[in-house]
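Quick note: numbers below take in every heavy atom, side chains included, and nothing from hydrogens, waters or symmetry partners. Numbers here simply count residues along the sequence, with the first being 1.
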Amino acid sequence: MSATDPVNPPGEPAPELLEGRLWVDGCFDFFHHGHAGAVVQARQLGDELYVGVHSDEAILENKGPTVMNLKERLMATDACRWVTKSIAYAPYVTQLDWITHYGCKYVVHGDDITSDGSGEDCYRFVKAADRFKVVKRTPSISTTDLVGRMLLCTRGHFIKSLQKTLEGEEGPGTREERKKEGEAMKERIRLYATDETAKQPGVEVWFWSRENGFDKLFGGIGPKIGQRVVYVDGGFDLFSSGHIEFLKMVVEAEEELARQDGWYSEQNVNERKGKGEDYGPVFVVAGVHDDDVINRWKGVNYPIMNIYERGLCVLQCKYVNAVIFGAPFEPTKNYLTKFPWSTPDAVYHGPTSFMPSTKDVYAAPKEMGIYREIGHHEFEEVNAGTIVQRIMKSRDLYEARQRAKGMKADIEAAHKERELLEEEQRKKEADLQQ
């Protein structure tokens, strides 16, 4: 624990340990789909999920500098559909008194070892108390991997056609290997499209292409009676505080419009409850641009995350109800009027543009009278470009972090090997006793 972190967990203690209330903790630095993968699997194991977020100082002491500050990282966990509550300043080495204080009986983590600055297992205390559950780590992604892409300016992560990749028609390897990988990717999209329970379909998932128009991949809850369908689009690269605040403000703008129209009147609320349960006034559709579209405008090795990775980040966000992969850079009238849910009631855009263009790409929704612009906000300048600038500004520190990660990996591997040997020994002793 960092010297600046609180010694005791803040807030009133829970009256008892709850079997269905689980704990996950971590750095959650520019919250990516690897983090979301651990969170959604943890949520499937229980009814509530509390997420502990480490302080900037604790991460610096044990791992290296963060890219996003604590406030930004908390925004990301708060916006995740499967998170019940975020807890700031969670100790880097998970402590029993902290998880007990919040009524969490078990801690959930991936099947990889996470160590503190001295190389010791961060979960040694909860493991010893038999209050630890394991889920599978999301393959081929970590904050360290993404930082590496920025430092090395690699482009090998780009995907030409996500739809064809999911069908095994594109990508590296043999046809059989591509097919297997495509099925695994498709299954992960389905998982990230689940509702807040992480067990039922939630977010609708579509493809769009000039050749074939709209093509549904997974169904979801869909718009409910009275909800306005609104559209947003973008690259959503390194999905972070700027994107999250924009999406949150879109929902808030629609809630304010609905409030003026009486959506929250007692009569209307009771009427909705009488037909099942109450719900919000807006259905948000997010269009995600292809890799080549973003690279055409931004160059270098943008996007840092490919369309599959960026789409997963958007899917897990609680402010989004449907995702369109391959959305056009310019939402034309032909595109908008052929929406699967009918023409959107509004098309929202933020106060800044991260991709230069000499033409007004929102000319069509403006002409249709459905264009809306979100006002300025604290995080409007936070995007993939500014995150890369943060990395490059402290390049030496992050390169040291990358090297340290390699050394820590050796220590973690040794700990893993020791655990396996100890487990094997326990099994042998058990066999001898029988």
Centroid separation Y348 to F246 less than 6.0 Å: no
Over all atoms of both residues, closest heavy-atom pair of P303 and F158: O-CE1, 3.3 Å
Sequence neighbours excluded, every pair satisfying salt bridge (charged side-chain N to carboxylate O under 4.0 Å, His left out) that has a member inside residues 310-336: D291-R310, E330-K359
Under the side-chain hydrogen bond (donor to acceptor under 3.5 Å, both in side chains) test, residues paired with K105 that sit two or more places apart: E19
Ring geometry between W206 and F214 (parallel below 30°, tilted from 30 to 60°, perpendicular above 60°): perpendicular
Atom of C317, atom of L247 and distance for their closest heavy-atom approach: SG-CD1, 4.1 Å
Side chain proximity check, M68 to V382, heavy atoms < 4.5 angstrom: yes
Pairs satisfying salt bridge (charged side-chain N to carboxylate O under 4.0 Å, His left out), at least one member in residues 197-223, at least two apart: none
Student check: side-chain heavy atoms of L315 and I189 closer than 4.5 Å: yes
Heavy-atom pair of closest approach, residues A327 and Y335: CB-OH, 3.7 Å
Within-4.5 Å side-chain heavy-atom neighbours: V53 and D25: no
Nearest heavy atoms of D290 and G326, plus distance in Å: OD1-CA, 3.6 Å
Close side-chain approach of V347 to V230, heavy-atom, < 4.5 Å: no
Contacts under 3.5 angstrom, residues 40-47 side chains, donor-acceptor by atom type, not counting sequence neighbours:
| unit_1 | atom_1 | unit_2 | atom_2 | d |
| --- | --- | --- | --- | --- |
| Q41 | OE1 | K136 | N | 3.3 |
| Q41 | NE2 | G37 | O | 3.1 |
| Q41 | NE2 | K136 | O | 2.8 |
| R43 | NE | E196 | O | 3.2 |
| R43 | NH1 | G46 | O | 2.7 |
| R43 | NH1 | D47 | O | 3.4 |
| R43 | NH2 | D47 | O | 3.0 |
| Q44 | NE2 | A198 | O | 2.9 |

F329 and W297 aromatic centres sub-6.0 Å: yes
For the student: nearest non-hydrogen atoms of K298 and A384, plus distance: NZ-CB, 4.5 Å
Set of ring pair (Phe, Tyr, Trp, His ring centres under 6.0 Å) partners for Y279, sequence neighbours left out: W263
Residues R124, D116: salt bridge by 4.0 Å N-O rule: yes
Rounded distance [0.5 Å steps], SG in C104 versus CG in L49: 8.0 Å
K164 with E169: basic N within carboxylate O range, under 4.0 Å: no
Among D78, T77, L74, side chain to side chain contact (heavy atoms under 4.5 Å, CB included) partner for V51: T77
Nearest-0.5 Å distance, NZ of residue K248 to OH of residue Y319: 5.0 Å
By ring pair (Phe, Tyr, Trp, His ring centres under 6.0 Å) - contacts of Y123 (at least two apart): H109, F132
Plane angle bin for Y371 and Y362 - parallel if under 30°, tilted between 30 and 60°, otherwise perpendicular: tilted
Ring pair (Phe, Tyr, Trp, His ring centres under 6.0 Å) partners of F325, counting only residues at least two apart: F207
With E183 via salt bridge (Lys or Arg N to Asp or Glu O under 4.0 Å) - residues at least two apart: K186
side-chain hydrogen bond (donor to acceptor under 3.5 Å, both in side chains) evaluation trace for T332 with N334: CA-CA 5 Å; T332 63; N334 184 54; 5.1 Å; no
Contact check, side chains of M185 and I159, non-hydrogen atoms, under 4.5 Å: yes
Within residues 363-378 or reaching into it, pairs that qualify as salt bridge (charged side-chain N to carboxylate O under 4.0 Å, His left out) - sequence neighbours excluded: K71-E378, D360-K366
C313 side chain near M305 side chain, heavy-atom distance below 4.5 Å: yes
Considering all heavy atoms, the nearest P201-I221 contact: O-CG1, 3.7 Å
Pairing residues for E170 by the salt bridge (Lys or Arg N to Asp or Glu O under 4.0 Å) criterion, not counting sequence neighbours: none
Set of residues satisfying side-chain hydrogen bond (donor to acceptor under 3.5 Å, both in side chains) with respect to D56, sequence neighbours excluded: R73
Those residues that, when tested against F218, pass ring pair (Phe, Tyr, Trp, His ring centres under 6.0 Å) (two or more places apart): none
Electrostatic pair E256-R259, nearest N-O below 4.0 angstrom: yes
